[in-house]
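Here is the naming used below: chain letters follow the sequence lines, and residue numbers restart at 1 for every chain.
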Amino acid sequence: MQICSSCQKNPSTIVLMDLDGGSVSSQQHLCSPCAEKLGVVQPKTPLKLSADLLEDLLGSVQQKASQKRREPGCPGCGMTTQQFKNTGRLGCPRCYESFRDDLVPLLQRVHESSQHRGRLPGQLQAAPPPMLRASAPMEELVTLRKQLDDAVRGERYEEAASLRDALRRAEQRDAGGDAGENS
Amino acid sequence: MSKKRRGEPPEFRAGEWLKGDGPQNDIAICTRVRLARNLQGFRFSPRLEADEAKQLTEYVVQRLAAPGLPDELAVVDLPLLEEIERTVLVERHLISREQATSKKARSVAINAEESVALMVNEEDHLRLQVFQSGLSTEAAWKHAEQVDEALMQRLPLAYSEEFGFLTSCPTNTGTGMRLSVMLHLPGLVWAEEIEKATNTAQKIHLAVRGLYGEGSKALGDFYQVSNQVTLGRTEQQLQSDVQLAVSRVVQWEREVRDALLRGSARPRTLDRVHRALGTLERAQILSSEEALGCLSALRFGVHHGVVDGFDVAAINKALLLSQPAHLQRFTKERLEPEERDQRRAKLLREILGCEP
């Protein structure tokens with residue numbers, strides 16, 4: 001095995017040949033670090049899959065993805081329309097408004113009606129509990145994501161950066177918190 | 001609310017559903033109202049994380065402690081119970097199988113008569129059940145309404161003007177009410193008309209299920225008939241729908257029974273009853289399915305004077321205690337299935353007074 005002609009230590013992995021009129025005029029054996037140092041090869045960096053890059057790469061998929069982002073699901077629990085359609089179950093009381101368009105025909109099929117005629121708590125209703133805030137983090141995440149999305153779309157990058165930081169903080173606060181879409 | 005019944009087994013009274021009184025009790029065992037309710041501010045139960053489930057359960061239990069509930073309820077913290085105790089509650093219809101086997105924080109609050117059971121963190125945050133012996137849809141609904149109002153005053157329930165009470169599954173939305181009547185229909189089964197009755201009920205939006213609800217088998221000729229629709233009709237309308245339809249089924253069962261006890265059908269019917277009694281008196285090994293079948297025939301025979309010297313209350317007790325968890329709980333023995341079937345045969349002889 002050839003030793004790198006530059007550092008004289010590492011085994012060479014690259015052969016640099018100068019061609020002159022179809023024949024090799026000179027030949028140099030280099031190891032990877034030396035080849036990089038000499039600017040002979042591009043340093044190997046892990047490919048960063050930024051969202052922007054992906055969007056550039058995947059034309060049609062990108063369209064779907066941004067549609068999905070425009071539809072962040074139920075602000076109460078993060079459930080998506082697709083999840084509702086797959087399971088036929090709702091995630092939280094607010095889903096009834098979030099998925100109203102799909103829900104009304106379903107209720108019509110099951111009950112032959114979509115209008116309640118029975119009793120309601122009305123005046124009897126108890127005050128909301130202190131932990132009504134229980135759903136706040138979830139809601140905050142969904143709202144922040146939506147704002148971030150809008151900011152990026154509107155190319156307001158400074159605003160987007162601060163929203164991104166706020167989103168990160170909110171996600172950390174929601175300890176171990178799954179932001180909702182998969183929970 | 002009184003003291004917590006932590007880990008303490010329920011007593012072996014028959015409970016409201018097997019009390020054996022109330023209108024039409026020879027055929028209609030028990031009427032049950034189930035109301036599905038959810039709280040604002042929480043995701044529905046199936047989507048709650050473990051800590052949220054705990055928070056919800058504790059909050060509800062704490063709010064139930066406020067004075068003025070129409071019934072005094074004892075709270076049972078289900079994860080603290082042994083599996084067999086939870087199965088006992090299932091066999092008594094006080095909790096569902098799903099609630100018995102769930103891994104999350106959950107409770108049930110039960111009154112001493114076992115006519116009210118409030119499941120906390122089942123498929124919905126709250127599942128209220130109210131039982132009334134016999135065919136008594138109106139009384140059952142009135143009682144349920146009272147407890148429901150007490151819940152409304154204590155807990156912020158999720159509802160909308162448009163959709164009514166909001167539930168985890170859209171099939172319960174609106175009133176959240178499932179009104180069911182447990183019926184003993186040996187006549188329709190023996191005359192092979194049960195399928196016709198079931199189909200007729202389904203045509204008018206009633207569901208017919210087995211003894212233990214959805215997907216369960218109709219053991220011992222016991223069936224549950226309930227409303228399927230929960231939205232678009234008032235509770236009173238649903239109640240009178242079920243009352244009317246069930247009354248017709250009861251009437252049908254009566255006519256069939258009369259026919260079975262007349263003319264050429266009579267000997268075969270008497271034979272069925274006496275064979276069942278013979279099995280109960282003599283069999284050494286009885287599965288719970290066979291036991292329920294025999295007890296069903298005996299119950300029929302006692303109501304129609306085919307056999308005498310048996311108390312319907314004893315038969316009801318036997319129906320309950322022949323269930324696997326009750327049997328083991330009652331005999332205070334943990335038994336393998338084969339031993340269980342021997343023990344069951346012996347226990348039934350004792351209850352029915354066939355053994356000295």
Heavy-atom distance under 4.5 Å to chain B: side chain of Leu90(A), backbone, both or neither? both
Atom group of Arg100(A) that falls short of 4.5 Å from chain B, counting heavy atoms: side chain
Run Arg47(B) and Gln83(A) through side-chain contact (heavy atoms from CB on, under 4.5 Å) and show every step you take. CA-CA 12 Å; Arg47(B) 285 172 67 86; Gln83(A) 280 177 314; 4.2 Å; yes
Walk me through it: do Glu235(B) and Arg117(A) pass the test side-chain contact (heavy atoms from CB on, under 4.5 Å)? CA-CA 8 Å; Glu235(B) 288 83 357; Arg117(A) 294 199 168 74; over 6 Å; no
Per-residue contact mode, [X] against chain A (heavy atom under 4.5 angstrom):
| X | result |
| --- | --- |
| Leu155(B) | backbone |
| Gln237(B) | neither |
| Ser45(B) | neither |
| Glu123(B) | side chain |

Where is the tightest heavy-atom contact between [X] and [Y], given as atom of each residue plus distance?
| X | Y | value |
| --- | --- | --- |
| Leu107(A) | Pro170(B) | CD2-O, 3.6 Å |
| Arg43(B) | Cys92(A) | CA-CB, 3.8 Å |
| Phe163(B) | Val104(A) | CZ-CG2, 4.0 Å |
| Leu120(A) | Tyr159(B) | CD2-CD1, 3.4 Å |

Are there more than 12 heavy atoms of other residues, nucleotides or ligands under 6.0 Å from atom [atom1] of [X]?
| X | atom1 | value |
| --- | --- | --- |
| Arg248(B) | CZ | no |
| Glu138(B) | CD | no |
| Gln8(A) | CD | yes |

Are the side chain of Tyr96(A) and the backbone N or O of Ser160(B) linked by a donor-acceptor pair below 3.5 Å? no
Taking Thr230(B)'s backbone N and O only, do any of them form a donor-acceptor pair with His111(A)'s side chain (distance below 3.5 Å, no angle check)? yes
Test: Glu149(B) and Arg119(A) ion pair at under 4.0 Å: yes
Working to the nearest 0.5 angstrom, can you tell me the gap between Cys169(B) SG and Arg89(A) CZ? 4.0 Å
Any idea which of Glu161(B), Gln153(B), Glu162(B) has the most non-hydrogen atom pairs under 4.5 angstrom with chain A? Glu162(B)
Could you please spell out the steps behind the side-chain contact (heavy atoms from CB on, under 4.5 Å) verdict for His116(A) and Leu231(B)? CA-CA 6 Å; His116(A) 178 57; Leu231(B) 182 68; 3.9 Å; yes
So which of Pro121(A), Ser113(A), Cys95(A), Gly118(A) has the biggest tally of heavy-atom pairs under 4.5 Å with chain B? Pro121(A)
